[in-house]
Protein chains: 2
Amino acid sequence: MKVETAKRVGNACVWRKYSENILPPLLQAALDSFVEHGYHGTTIRTVAARAKLSVPGLYHHYASKQALLVAIVQFAMEDLLVRSEDAIAEAGSSVEEQFRLLIECLALFHAHRSELAFIAASEIRSLEGESRTAHIKSRDKQQQMVDNIINQGMREGIFDAEHPKDTSRAIVTMCTGIAQWYRHDGELSPEELAIRYANIARMTLGVGSGSQRRSVITAPTPLRTDARGRPDRG
Amino acid sequence: MKVETAKRVGNACVWRKYSENILPPLLQAALDSFVEHGYHGTTIRTVAARAKLSVPGLYHHYASKQALLVAIVQFAMEDLLVRSEDAIAEAGSSVEEQFRLLIECLALFHAHRSELAFIAASEIRSLEGESRTAHIKSRDKQQQMVDNIINQGMREGIFDAEHPKDTSRAIVTMCTGIAQWYRHDGELSPEELAIRYANIARMTLGVGSGSQRRSVITAPTPLRTDARGRPDRG
DNA sequence: ACTCCTACCGAGCGATCGCTCGGTAGGAGT
DNA sequence: ACTCCTACCGAGCGATCGCTCGGTAGGAGT
């Protein structure tokens, strides 16, 4: 019981804590370039310039362009899995609470770390060999965490879904999809969005949206758009 | 009233009809390559070889690599929008029916034409200039069709959502997400999947899943995976 | 004073990229 | 018989790609 305490910071859990600039500068430069142009559309010279390094300077830190992608994707999956486990642990034995916190955690991650999550999801085909296999394994593990909780809830009679497996996939897809459209300068904070998504997810399982917390204004009108086709307010 | 009849084939509507090999061979070769390696990861030589043409032979049909992508993406968006309008038209004046058929149509398209939909969604950043703007406009139009029907349903008191705009986005995301994981050789037919997704979507709006049609077996265990990280049973 | 090691870089190599030059083969029209 | 057009292709150009060679600068350890 005391094991989880080490992970807690104040009265909030680590899975809710998101600090800025978590990646080393070089990986951050690579991530920004990948988000803008894609892995194959990015040149090593662009990444080096963005990180204020020469090309050989870059290769001192990473063996290849592929190694940059692998490091980014591994970081993303590790971070998400640890947070997900923390969230479930915090929920205790209530399946309904486990589900609510896990979906909140998923949504929170895909909003706060949208660039990281976007690349981890969209550049699977650019990963070579074992890295791809390992990445897909992590992704499947994440899907299974949701599957298991939903199945448990079905057994306990808390959840009601005709096709739990399909519902589970739909829920995970709508959460991971956040990374495709979320904007850090939008009106909706990751925390507010996560609560809304947890409620939407609960409804697909026949559970009323239950105890809400706060409510905010509605969405804006898009103007220009960026590389990912999201509205650009910058 | 008679205007729509021309679009009907037998007793089913055109928006439900999906034939094989809809793209000209050269575009199909390009699409297959883009799905496998991404736009920037695909070389013009690969596409030419797959289409059994020389490189200059390819350039006789399309002016550039970019033109291939533009043609594919335009075809996809045009096809989806026409089908969506047909689906709504078939539904008549009932908002609940309009919603059900539109979601079915969305899901059907993203399952049947998953390769097309996958590229149209994932290669937005590879589109240059006006093509990108036009594509994003189409995509926003598609999102608005769902928004409008949900808003109408809210006004009529048929639908119940705390945040209709967020719910609408979540629903569209889960449907477009089908293109990322759907396999033509899986156990679930596009038609069955579409019915399930329509029911899941209805639940997020506080509408019971209502009249179901048939029910099928559950999902399989993944073995190997392909370029998109989907389970590979080939 | 010397040896290491870390953290870089100027110049450039070989391969591959998108695309083009200058053609040909064969059918349709007159 | 001649002109035109469509549908191609062998060879290769200039640019750019990922990556490397052979260095240097400066701090830490002895």
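Letters go in sequence order (proteins before strands), and every chain restarts at 1. Values reported hereafter were calculated over all heavy atoms of this structure, with side chains retained and with hydrogens, waters and symmetry mates removed. The model shown is predicted, which means the values in this text are computed figures rather than measured ones.
Residues meeting the side chain to side chain donor-acceptor pair (under 3.5 Å) test with Ser54(A), sequence neighbours left out: none. Taking Ala29(B) as the reference, Val47(B), Arg50(B), Ala51(B) meet the side chain to side chain contact (heavy atoms under 4.5 Å, CB included) condition, with sequence neighbours excluded. Considering only residues two or more places apart in sequence or on other chains, Glu123(B) meets the side chain to side chain donor-acceptor pair (under 3.5 Å) condition with Arg125(A), Ser126(B). The side chain to side chain donor-acceptor pair (under 3.5 Å) check on Gln66(B) picks up Tyr39(B), Glu128(B), with sequence neighbours excluded. The side chain to side chain donor-acceptor pair (under 3.5 Å) test applied to Ser168(B) returns Gln143(B), Asp147(B), not counting sequence neighbours. The side chain to side chain contact (heavy atoms under 4.5 Å, CB included) test applied to Ala67(A) returns Tyr62(A), Ser64(A), not counting sequence neighbours. For the side chain to side chain contact (heavy atoms under 4.5 Å, CB included) test, residues two or more places apart in sequence or in another chain that qualify with His61(B) are Leu26(B), Leu53(B).
Close approach of DNA chain C to chain B, defined as any atom under 4.0 Å from a non-hydrogen atom of the protein, starts and stops at dC17(C) to dC21(C).
A donor-acceptor pair shorter than 3.5 Å can be found between the side chains of Gln28(B) and Asp32(B). Between the side chains of Glu115(A) and His184(A), at least one donor N or O sits under 3.5 Å from an acceptor N or O.
Pairs passing the salt bridge (charged side-chain N to carboxylate O under 4.0 Å, His left out) check and including a residue from residues 67-84 of chain B, sequence neighbours excluded, read Asp79(B)-Arg83(B), Asp79(B)-Arg113(B).
Contacts between residues 48-57 of chain B and DNA chain D, defined by a heavy-atom separation under 4.0 Å, are made by Leu53(B), Ser54(B), Pro56(B), Gly57(B). A heavy-atom distance below 4.0 Å to DNA chain C is reached by these residues of residues 60-74 of chain A, ordered by number: His60(A), His61(A).
Across Leu108(A) and Tyr18(A), no two heavy atoms sit closer than the pair C-OH, 3.9 Å.
Nucleic acid contact for Thr42(B): sugar-phosphate only, since backbone atoms but no base atoms lie under 4.0 Å from a heavy atom of the residue.
A salt bridge between Glu191(B) and Arg16(B) is absent, with no side-chain N of the basic residue lying under 4.0 Å from a carboxylate O of the acidic one.
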Would you write the dot-bracket representation of DNA chain C, where each base gets (, ), [, ], | or . depending on whether it forms a Watson-Crick or G-U pair under 3.5 Å and with which partner? ||||||||||||||||||||||||||||||
